[in-house]
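In this text, all values refer to a predicted model and were calculated from it rather than measured experimentally.
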Amino acid sequence: MIELPELPEVETVLRSLKPKVLNRKINRVTVINAKTIKKPDATAFSCCLEGQRIRDINRHGKYLLFKLSSSLVLVVHLRMTGRLIYKDSSVPPDRYTCVIFQLDEGKELHFQDVRKFGTMYLISCDELDSFPPLRILGPDALDPQLTLDLFIKRLEKRHGQVKGVLLNQSFIAGIGNIYANEILWTARIHPERWVDSLQSWEQERLYQAVREVLSTAVKLRGTSLRDYVDGEGNPGEYQHHRKVHGREGKPCPLCGHPIIRIKQAGRSTYYCQFCQN
DNA sequence: CAGGTAGCCTGTTAGC
DNA sequence: TGCTAACAGGCTACCT
């Protein structure tokens, strides 16, 4: 079973890396897998980054944003199997290393990615709001400004099944398949429900579940099923708290009935047919 | 224009 | 046992 970095995992990577790389200088960048770099080309990417200092790290949904000197922003998406690992330069890169950032003081930041789906962009900070992958994102799912009112307003503009809406990053950003399943179980809403049919108390339960599930997962440093580790290579703990995801046939923690698995838009959905209506 | 889906990738696993 | 095929999955691009 493969895990994927969603909001809590990306937030954990950010928190573990930030104290280590803040205000550190990038001395040299080696691109091993050119396809990781989407913009500009790999040569320009390395060239522009050399000599930059990392001034801040932010996150929007599943995107990591490294703010650099000279008004540049390094945008990183880990997709399924991407990792950012901080290590000593004496440790050789592993076979999945796609990009190496050599920092000062003999340290390196390695981007490793088994499936090579992860992406990086280097853009100027005034491009941030208009930059296509970021422009379409809704508010971050844990953004304090995402109030219940705003959540419901955005929800009521949506159509289709509630699971699909949760996964749509233009609705709110950061939720992937694992947490969508966990959120819907917590909200006791059937994943195939049409969003238009949700009653106001169900909309509110959904909002509360989004916040509760994601903030708990952040506290537990994310879910580690196989690939995900934080910036120091440590796994998270949320996998022990999962109620439905990856638990087909196992008892629902609330009612004991077996968890059902179905496919929605090609992705596995896990739910309890008794608790979720 | 909204909704559906192929393609990107490779390690793991189910099935023969 | 050993091989193959299906599967996992976020996002973009393309299609209807």
Side-chain angles (χ1 to χ4, degrees), chain A residues 1-13 31-39 42 59-65 75-84 93-99 111-121 123 130-138 140-141 154-184 191-196 214 217 222-229 235-236 238-239 242 244-249 259 261-271:
Chain A
M1 183 177 308
I2 302 291
E3 146 293 338
L4 64 156
E6 304 180 30
L7 185 152
E9 291 73 29
V10 179
E11 178 66 21
T12 302
V13 170
V31 176
I32 297 162
N33 179 47
K35 284 190 168 181
T36 302
I37 315 302
K38 299 297 177 191
K39 185 193 164 156
R59 181 188 59 75
H60 189 160
K62 303 169 197 172
Y63 287 88
L64 280 169
L65 310 168
V75 181
V76 178
H77 197 302
L78 305 173
R79 296 287 183 101
M80 265 71 91
T81 53
R83 301 171 164 194
L84 278 171
D94 78 359
R95 59 182 294 215
Y96 303 118
T97 301
C98 296
V99 183
F111 178 71
Q112 309 169 346
D113 193 354
V114 169
R115 289 181 210 168
K116 300 182 170 68
F117 279 18
T119 50
M120 292 189 189
Y121 309 81
I123 59 175
S130 61
F131 189 60
L134 301 172
R135 188 186 58 205
I136 60 109
L137 294 183
D140 187 81
R154 297 185 69 83
L155 194 60
E156 287 180 339
K157 287 181 194 151
R158 296 282 158 172
H159 307 284
Q161 297 179 334
V162 61
K163 168 105 185 289
V165 171
L166 282 181
L167 289 174
N168 191 331
Q169 303 300 300
S170 68
F171 168 53
I172 54 175
I175 298 169
N177 203 39
I178 295 175
Y179 293 108
N181 287 325
E182 296 299 315
I183 285 164
L184 288 166
E192 290 177 308
R193 278 285 294 282
W194 244 248
V195 280
D196 322 67
L214 294 178
T223 299
S224 293
L225 297 182
R226 175 166 296 279
D227 287 301
Y228 159 78
V229 288
Y238 193 79
Q239 63 275 17
R242 282 174 300 145
V244 287
H245 188 89
R247 298 190 66 249
E248 183 182 14
I259 299 300
R261 175 159 80 141
I262 58 169
K263 284 271 182 189
Q264 285 182 288
R267 297 191 187 117
S268 286
T269 293
Y270 300 86
Y271 70 101

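Using a 4.5 Å heavy-atom threshold, the side chains of E192(A) and I262(A) count as touching. Using a 4.5 Å cut-off on side-chain heavy atoms (C-beta onward), N181(A) and K163(A) make contact. Annotation: side chain of S170(A) is not in contact with side chain of R154(A) (no heavy-atom distance under 4.5 Å). Side-chain atoms of R267(A) and L167(A), non-hydrogen and from C-beta on, do get closer than 4.5 Å to each other.
The side chain of R267(A) contributes an N or O atom lying less than 4.0 Å from OP1 or OP2 of dG10(C). Dashed line: the shortest gap from a side-chain N or O of Q169(A) to OP1 or OP2 of dG10(C) is not under 4.0 Å. Applying the 4.0 Å criterion to OP1 and OP2 of dT12(C), one finds that K38(A) has every side-chain N and O outside that range. Using a 4.0 Å cut-off, no side-chain N or O of H159(A) falls inside it from OP1 or OP2 of dA2(B). For S268(A) and dA8(C), the shortest distance from a side-chain N or O to OP1 or OP2 is below 4.0 Å.
At a threshold of 4.0 angstrom between heavy atoms, the contacts of R261(A) are confined to the sugar-phosphate backbone, with no base atom among them. Counting non-hydrogen atoms under 4.0 angstrom, T119(A) reaches nothing in the nucleic acid. Residue contacts for P132(A): at a heavy-atom cut-off of 4.0 Å it reaches no nucleic acid atom on any strand shown.
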**Item:** Chi angles and distances behind the side chain to side chain contact (heavy atoms under 4.5 Å, CB included) call for L214(A), E11(A)
**Value:** CA-CA 10 Å; L214(A) 294 178; E11(A) 178 66 21; over 6 Å; no
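Rounded to whole angstrom, the span from the CZ atom of R135(A) across to the C1' atom of dC11(C) amounts to 15 Å. Counting to the nearest Å, the P atom of dA2(B) and the CZ atom of F171(A) are 16 Å from each other. Computed from coordinates, the Y121(A) OH to dG10(C) C1' distance equals 11 Å when rounded to whole Å. E6(A) places its CD atom 9 Å from the P atom of dC11(C), with the value rounded to the nearest Å. The interatomic distance linking N181(A) (CG) with dA8(C) (P) rounds to 12 Å, in whole Å. Across the protein-nucleic acid pair, I178(A) atom CD1 and dA8(C) atom P stand 13 Å apart, rounded to whole Å. Separating the CE atom of M120(A) from the P atom of dT12(C) is a distance of 16 Å, rounded to the nearest angstrom. Protein atom CG of L167(A) is 10 Å distant from nucleotide atom P of dG9(C), rounded to whole Å.
Screening I37(A), V75(A), V31(A) for a side-chain contact (heavy atoms from CB on, under 4.5 Å) involving M120(A) leaves a single residue, I37(A).
Q169(A) places a side-chain N or O within 3.5 Å of a backbone atom of I175(A) that can act as its donor or acceptor partner. A donor-acceptor pair under 3.5 Å links the side-chain atoms of E182(A) to the main chain of V244(A), judged by distance alone.
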**Message:** Counting primed atoms plus P, OP1 and OP2 as sugar-phosphate and everything else as base, spell out the protein contacts along nucleotides 4-10 of chain B at 4.0 Å heavy-atom distance: B, S or - for each nucleotide, 5' to 3'.
**Reply:** ----BBB
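Side-chain contact annotation: R261(A) with S268(A), donor-acceptor N/O pair under 3.5 Å present.
Residue Y271(A) holds its OH atom at 11.5 Å from CG of L184(A), rounded to the nearest 0.5 Å.
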**Request:** Fill in the dot-bracket string of DNA chain C, one character per base: . for unpaired, | for a pair to another strand, ( ) or [ ] for pairs within the strand, taking Watson-Crick or G-U pairs under 3.5 Å.
**Result:** .|||||||||||||||
